[in-house]
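What follows is a short report on a single structure.
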Amino acid sequence: MTQNNHNKDFYVRVYEVVARIPEGRVTTYGAIARHLGIGGSARLVGWALNKTLSESGNQSGLLPCHRVVNRTGELTGKAWFGGDFMEQLLRSEGVRFSDKGRVDMMRHFWEP
DNA sequence: AAACTGACGGGCG
DNA sequence: ACGCCCGCCAGTT
């Protein structure tokens, strides 16, 4: 396999990376994409998360996808958690936010 | 089949 | 620091 990620493997890989984001840390869609060798296709990561979310029934929190934010630290996926549940989860892990509701990336960013 | 959409990111003004 | 534009690629219209 050269650089052709079969979709099925792609989902699994995203799952595995997200699964090992440490508590109290966050990473970005782009960082995950780059780690998987598909840098530049960060959108697919978010799309894959959404996919695995609906397929594997992650509602119980098996996959800590609340620890994935965009490059500026905004909780772009909060809509999938309902209300401010995503922010609550992060805060309960000790994640700090700036006054604009963004994660303090300098402090919490985790490189896969 | 072409255009549009989106849990995104880099570069530029 | 911020907003805008463009590239990215799978899915939907």
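Quick caveat: nothing in here was measured; it's all calculated off a predicted structure. Below, chains carry the letters A, B, ... as their sequence lines are ordered, and counting in each starts from 1.
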Grab the [atom1]-[atom2] distance between [X] and [N] for me, whole Å please.
X	N	atom1	atom2	value
A:Tyr29	B:dG10	OH	C1'	18 Å
A:Asp104	C:dA1	CG	P	12 Å
A:Leu49	B:dG6	CG	C1'	13 Å
A:Met105	B:dG9	CE	P	8 Å
A:Ile21	B:dA7	CD1	P	18 Å
A:Arg71	C:dC8	CZ	P	16 Å
A:Leu44	C:dG7	CG	P	17 Å
A:Asn70	C:dG3	CG	P	13 Å

Residue pairs fulfilling salt bridge (Lys or Arg N to Asp or Glu O under 4.0 Å) with at least one residue in residues 39-49 of chain A, sequence neighbours excluded: none

Phosphate OP1/OP2 of B:dG9: any A:Thr28 side-chain N/O under 4.0 Å: yes

Side-chain N or O of A:Lys51 closer than 4.0 Å to phosphate OP1/OP2 of C:dA10: no

Polar contact flag, side-chain donor to acceptor under 3.5 angstrom, A:Glu74-A:Thr72: yes

Runs of at least three Watson-Crick or G-U pairs with DNA chain C, cut-off 3.5 Å: B:2-6 with C:9-13, B:8-13 with C:2-7

Do [X] and [Y] have side-chain heavy atoms sitting under 4.5 Å apart?
X	Y	value
A:His35	A:Val17	yes
A:Phe85	A:Leu90	no
A:Thr76	A:Val69	no

Sugar-phosphate only, base, or nothing, as touched by A:Arg102 at under 4.0 Å among non-hydrogen atoms: sugar-phosphate

Of the candidate nucleotides [options], which contains the atom at the shortest distance from the side chain of [X]?
X	options	value
A:Trp47	B:dA7, B:dG9, C:dG11	C:dG11
A:Arg43	C:dC4, C:dG11, B:dG6	B:dG6
A:Thr76	C:dC2, B:dA7, B:dG9	B:dA7
A:Lys100	C:dC9, C:dC2, B:dA7	C:dC2
A:Tyr11	C:dG11, B:dC8, C:dC9	C:dG11

Geometric class of the A:Phe81/A:His66 ring pair [parallel <30°, tilted 30-60°, perpendicular >60°]: perpendicular

Any pair counted as side-chain hydrogen bond (donor to acceptor under 3.5 Å, both in side chains), so long as it reaches residues 102-112 of chain A, sequence neighbours left out: A:Arg34-A:Glu111

A:His66 or A:Arg34, whichever maps to the more 5' nucleotide of DNA chain B: A:His66

